[in-house]
Trainee: 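Below: one structure in structure tokens.
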2 protein chains.
Amino acid sequence: MPATDRISQSLTRHGLRQTTVRRAVLQVLAESPYALSGGEIEQQLPPNTDRITLYRTLKSFEDSGLIHRVIDTTDVVRYAACSIECSADAHFDNHVHFKCTNCLHIYCLNQVTIPAVTLPAKFEAVTRDYLLGGVCRECQPA
Amino acid sequence: MPATDRISQSLTRHGLRQTTVRRAVLQVLAESPYALSGGEIEQQLPPNTDRITLYRTLKSFEDSGLIHRVIDTTDVVRYAACSIECSADAHFDNHVHFKCTNCLHIYCLNQVTIPAVTLPAKFEAVTRDYLLGGVCRECQPA
DNA sequence: TGTGAAACGCAATTTAGTTGCATTTAAAAA
DNA sequence: TTTTTAAATGCAACTAAATTGCGTTTCACA
């Protein structure tokens, strides 16, 4: 199945209407090996794509479980495509993220599950985010 | 020992000069039970405290190991006072953070250590951040 | 193919944080 | 105690990211 068909199917499956901007944004995120900020996504879209529309698109994608925010310690929000099982009701992105101190990219380590912790009394966790910092595969010295 | 003396000692120990703004900022962070953003700190400082000075103060505190950034999924950076052992060379804040979905406060769970994970080949982690989401002690239904 | 709700896109605005530079001040030396 | 000087401050101006309101366009179902 061509990539464009998969994009369209994702939109339909999550109850979102097909538009040019949405297909383009989802494709950019699906093809990126690391999480992207709003500005970075904008750069990869066709010129003159409206920035407000982009941000609204990101919001609706997030609400419907197509993408997830990636935790970081900066003042820029980054997004990554969700695993295919996520929906508006429940996210299942229980994987660790890895931020490279060299290239600054944040990768989803889909194969590494976030370990649970024991909490103090009366704290109840629903979501977990785990971010590692270090040197990624590409930036390792030879 | 009075709190003001402890504040002064912290500054000295980390090689920072004593100034009015620094003492005030450090006191606000040391007394807060949860992480604060730049704007929130500003609100708790004496009126007319210069915002630029505040941000520069936060930067030098972070550089010298007095405070640490707290990970989040928003576009606002928050800070919390470090444990006493941290220095410019090494941070030892290996504790879990907890963000309440009700009051939105982010607490340092100093007694809960971040568990390690096994990484794919050629990824090497130096830092770890762990954020839980859920309902905090104060916001639990009675 | 017509219709209504959803999405778009423009203008204007808000919020967070930054840069450059002249002035002031803390703290070590004289 | 005074001098010295590097560090910290504070003002003006600015940048970047994201948001709000509103009229126009478009998708998708009938």
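Protein chains get the first letters and strands the later ones, always in sequence-line order, with residue 1 at the start of each.
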Trainee: Please check: side-chain N/O of A:Q18 versus main-chain N/O of A:S8, any donor-acceptor pairing under 3.5 Å?
Mentor: yes

Trainee: If I take atom CG in residue A:D50 and atom C1' in nucleotide C:dA11, what distance separates them, rounded to the nearest angstrom?
Mentor: 11 Å

Trainee: Measuring from atom CG of B:L66 to atom CG of B:L29, what distance do you get when rounded to the nearest 0.5 angstrom?
Mentor: 9.5 Å

Trainee: Calculate the interatomic distance between A:L58 atom CG and D:dA17 atom P; express it in whole Å.
Mentor: 14 Å

Trainee: I need the NZ-C1' distance between A:K59 and C:dC8, as an integer number of Å.
Mentor: 17 Å

Trainee: Kindly indicate, with the supporting measurements, whether the criterion side-chain hydrogen bond (donor to acceptor under 3.5 Å, both in side chains) is fulfilled by B:Q44 and B:E40.
Mentor: CA-CA 7 Å; B:Q44 297 196 38; B:E40 288 165 344; over 6 Å; no

Trainee: Test of understanding: clusters of I, L, V, M, F, W, Y form through side-chain heavy atoms closer than 4.5 Å, transitively. Do B:V77 and B:L131 belong to the same one?
Mentor: no

Trainee: Compute the ring centroids of B:H105 and B:H97, then answer whether they are less than 6.0 Å apart.
Mentor: no

Trainee: OP1, OP2 of D:dA8 versus side-chain N and O of B:T53: anything below 4.0 Å?
Mentor: no

Trainee: Roughly, in whole Å, what's the span from CG in A:L54 to C1' in C:dC8?
Mentor: 12 Å

Trainee: Separation of B:D63 atom CG from D:dA7 atom P, in whole Å?
Mentor: 14 Å

Trainee: Taking side chain to side chain contact (heavy atoms under 4.5 Å, CB included) as the test, write out the residues that go with A:R51, two or more places apart.
Mentor: A:E42, A:Y55

Trainee: Between D:dG10 and B:T49, is there an OP1 or OP2 to side-chain N/O distance shorter than 4.0 Å?
Mentor: no

Trainee: Would you list the protein and nucleotides 17-24 of chain C atom pairs, both N or O, that sit under 3.5 Å from each other?
Mentor:
from	atom 1	to	atom 2	distance (Å)
C:dG17	OP2	B:Y55	OH	2.5

Trainee: Hey, would you say the A:Y130 and B:Y130 ring centroids sit under 6.0 Å apart?
Mentor: yes

Trainee: Donor-acceptor pair, distance only, cut-off 3.5 Å: does the side chain of A:S10 make one with the backbone of A:R6?
Mentor: yes

Trainee: Treat primed atoms plus P, OP1 and OP2 as sugar-phosphate and everything else as base, then score nucleotides 23-30 of chain D 5' to 3': B for base contact with protein heavy atoms under 4.0 Å, S for sugar-phosphate contact only, - for none.
Mentor: ---BBS--

Trainee: Once rounded to the nearest 0.5 Å, what's the spacing between atom OG1 of B:T74 and atom CZ of A:R69?
Mentor: 7.5 Å

Trainee: Would you please name every residue forming a salt bridge (charged side-chain N to carboxylate O under 4.0 Å, His left out) with A:E124, sequence neighbours left out?
Mentor: none

Trainee: Picking from B:V25, B:I67, B:I52, B:T19, what satisfies side-chain contact (heavy atoms from CB on, under 4.5 Å) with B:T57?
Mentor: B:V25

Trainee: So what is the end-to-end bend of the helix from C:dT1-D:dA30 to C:dA30-D:dT1, with 5 pairs used at each end and the value given to 10 degrees?
Mentor: 40°

Trainee: CG/B:L58 to CG/B:L26 distance, rounded to the nearest 0.5 angstrom?
Mentor: 10.5 Å

Trainee: If I take atom CZ in residue A:R22 and atom C1' in nucleotide C:dG9, what distance separates them, rounded to the nearest angstrom?
Mentor: 14 Å

Trainee: Go through residues 29-36 of chain A and report each residue with a non-hydrogen atom lying under 4.0 Å from DNA chain C, sorted by number.
Mentor: none

Trainee: Just the rounded figure in Å: distance from P of D:dA16 to CD of A:Q43.
Mentor: 12 Å

Trainee: Look at the side chain of A:S64 and the backbone N and O of A:S60, then say whether any donor-acceptor pair between them is shorter than 3.5 Å.
Mentor: yes

Trainee: Taking the ring centre of each residue, are A:F98 and A:Y107 less than 6.0 Å apart?
Mentor: no

